[in-house]
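Quick one: the structure is below, and I'll ask about it shortly.
Both ligands and their constituent atoms are indexed starting at 1 by order of listing. Atoms considered below: every heavy atom in the structure, side chains included; atoms not considered: hydrogens, waters and symmetry mates. In what follows, residues are counted from 1 in the order of the sequence shown.
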Amino acid sequence: MIVILKPDMGESNPEYRHILDYLANKPNIKTRVHQEIGTLQTLTEIYLIGDTASLDKTEIESLAGVDRVVRVSEEYRILGRHRDEKRQTGFEYNGVKFTQDNLIVFAGLCAVDTPQHVEMMLKALRDYGQVCTRMGAYKPRTNPYSFQGHGKKCLPWVFDLAGKYGIKVIAMEITHDSHLDEIHAALEQAGKPTGVMIQIGTRNTQNFELLKIVGRQREFPALLKRGFGITLEESLNAAEYLASEGNRNIVFGLRGMKTNMGDPHRNFVDFSHVPVIKRLTRMPVCIDPSHSVGTRDAAPDGILDIFHVTAQGVIAGADMVLVDFHPEPATALVDGPQALRLEELPYFLEDVAIAREAYEKRCALSKKAIGKD
Ligand code: PEP
Ligand code: MN
C-alpha cells in the first residue's frame, strides 16, 4: 500500500508527524518514506509493507495531509502503475523532460574514439536542435582483445565539448561502480557543463550489486537496457531494484533479444513491448534500433531497416530513441556497420518526427473513438 501525501507535506508539518504516528501504531506494518524533491514541489510517498490487508484505506485517506492511498496490487511496487493514473510518469533532468508523453532522441557515438569525431557529432546535433547524445566511454566487449573504450581519460574532453555544443544529457554506459565515481569527479572538475544518464547495458541488467549502487545515488538518472536473454518481467524487476534503492529516475530501454529467430538482424526486435511497459510501469521507454538491427541493410523501398524499426517503436509511443551515428563509420572502433552517417541525421530526425506525428494522431483518434480523456 502507498500513502501519497499532499504536495509539500514534509517532516516539518505536524500532519506529516501525525500520519507517521498513526501508521506506527498499526500492528505488523513497516513504513518507508520516499521523497521526490522537484523544482516546484516536494512529493512524499509512504510505502507500507506487511499486513496491509487489515488497514482501512478510507480511514487513512481521511487523515489530514493525505492526498490518496493506492493499493499495490501487482508487481513492481514502486515503478508499477497500480491502476492509479495520477502518479507521475518519468522525471526531469538537467532541463530535459523524460516522461511517457514525449520523445527525446539520443543520437551519438557508440564508442568515443577521437576528439575530432566527438566534436563533429556534437556540432551536427547542435545544428539540428538536439540537446542529448550517446557517448560510450566504458565498452563491455564480447572479445577481450577488442577496444574496451577510452574510459575515464576521455571524460574531461567529452564533457567540455558537450558543454560547448549545448548538450544537456549524455547517455553513457558504466560496467563497474568505480565508473560512477569517475564520471562524478570528471563532471565536477569540468564545472558540470553537461549531465549524464547512466546506462546499464544488456549484459548487466541482472548485475544486482551494480543496480543497487546506481539505485542508491540520486545524482544521475539511469537508462536500464532490457536483458537480451531474459523475460520482460525479469528485466522490469531489475528496474525495480534501482527504484527500491531510492532512484526512480529510470528509463527502460528495449534493444532486441538474442535469438537466431531474429536473423538477419543482430537481435530480434522487441519494440512491440513499448506499450506493454507503459501499461505496466510509469517508466518512459527507450528504443535502441542500432543494437536491435545491427546492420545498414535497406528494404526495396530504400529505407534502412534501422529507420523502419525506429518508426515502428515511435509509432507505438516510444519516449526515447538511442541511436548510433558516426562521422566515419568505416573507422569506428565499435559497431561501425550499424552506424548511421552524420549526413543522415536530418533525414533520421525528420523520419522520427513523421512517426511521432502519426502516434499523436493515433492517440487523438483513440480518444475520439473510445471517448477517453
Ligand atoms: C550500447 O548501447 O552501447 C550497448 C552496448 O548496448 P547493449 O547493452 O544494449 O548491448
Ligand atoms: Mn554498440
Side-chain angles (χ1 to χ4, degrees), residues 104-113 117-118 121 132-144 146-151 154-155 158 169-176 179 183 196-207 210-211 214 220-230 232 234-236 238-239 242 250-259 262 265-271 273-274 277 283 285-296 305-306 309-310 313 318 320-341:
I104 314 276
V105 176
F106 278 63
L109 305 185
C110 178
V112 168
D113 49 15
H117 288 152
V118 170
M121 184 73 233
C132 295
T133 190
R134 56 159 297 145
M135 289 285 156
Y138 308 95
K139 298 302 301 178
R141 305 302 304 283
T142 304
N143 186 329
S146 304
F147 173 63
Q148 304 282 311
H150 286 312
C154 70
L155 300 180
V158 169
V169 189
I170 305 176
M172 186 175 272
E173 177 167 0
I174 65 162
T175 56
H176 191 269
H179 302 158
I183 291 171
V196 171
M197 178 178 278
I198 299 292
Q199 189 176 319
I200 298 189
T202 195
R203 290 159 189 82
N204 276 311
T205 308
Q206 285 188 314
N207 181 342
L210 185 65
L211 295 175
V214 174
F220 304 111
L223 166 62
L224 177 78
K225 293 279 198 92
R226 176 193 193 155
F228 55 25
I230 58 176
L232 181 65
E234 286 163 337
S235 290
L236 294 177
L242 293 166
I250 310 166
V251 176
F252 189 85
L254 293 171
R255 47 83 69 213
M257 304 299 292
K258 197 169 255 322
T259 155
H265 290 159
R266 184 176 174 184
N267 288 286
F268 195 94
V269 184
D270 53 354
F271 299 167
H273 276 162
V274 168
I277 298 155
M283 288 184 282
V285 183
C286 172
I287 52 167
D288 177 342
S290 306
H291 289 84
S292 296
V293 169
T295 73
R296 286 183 50 87
D305 290 8
I306 291 178
V309 303
T310 303
M320 174 171 158
V321 180
L322 188 76
V323 55
D324 290 3
F325 272 77
H326 199 282
E328 227 183 304
T331 67
L333 297 173
V334 184
D335 285 346
Q338 71 193 24
L340 301 179
R341 295 193 277 263

### Query
How close does the nearest protein non-hydrogen atom get to atom 8 (O) of ligand 1, and which residue and atom is it?
Thr202 N, 2.7 Å

### Message
Among all the protein's non-hydrogen atoms, which is closest to atom 4 (C) of ligand 1, and how far away is it?
### Response
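Sorting protein heavy atoms by distance from atom 4 (C) of ligand 1 puts His291 NE2, 3.5 Å first.
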
### Query
Any luck finding a side-chain donor-acceptor pair between Asp288 and His291 under 3.5 Å?
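Distance-only check passes for Asp288 and His291.
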
### Task
Taking all non-hydrogen atoms of both residues into account, name the closest pair between Arg141 and Ser146 and its distance.
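Scanning both residues completely, I find the closest heavy atoms to be NH1-CB, 3.6 Å.
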
### Task
Specify the protein heavy atom at minimum distance from atom 6 (O) of ligand 1: its residue, its atom name, and the distance to 0.1 Å.
Lys225 NZ, 2.8 Å

### Query
So, does Arg226 sit close enough to ligand 1 that a heavy atom of it is under 4.0 Å from the ligand?
no

### Summary
Note: Ala107 and Thr133 closest approach over all heavy atoms is O-OG1, 2.7 Å

### Query
For atom 5 (C) of ligand 1, which protein heavy atom lies nearest, and how many Å away is it?
Glu173 OE1, 3.6 Å

### Task
Could you tell me which atoms of ligand 1, counted from 1 in the order shown, lie closer than 4.0 angstrom to a heavy atom of Gly201?
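This gives 8 (O) as the contact atoms.
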
### Query
At the Mn ion (ligand 2), what is the angle formed between atom NE2 of His291 and atom OD2 of Asp335, rounded to the nearest 10°?
100°

### Task
Give a yes-or-no answer on whether the side chains of Asp335 and His326 include a donor-acceptor pair shorter than 3.5 Å.
no

### Query
What are the two closest heavy atoms between Leu333 and Phe147, and how far apart are they?
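That would be CB-CD2, 3.5 Å.
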
### Query
At what distance, to the nearest 0.5 angstrom, does CZ of Phe271 lie from OG of Ser292?
3.5 Å

### Task
Looking only at protein heavy atoms, identify the closest one to atom 10 (O) of ligand 1 and say how far it is in Å.
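Result: Arg255 NH2, 2.8 Å.
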
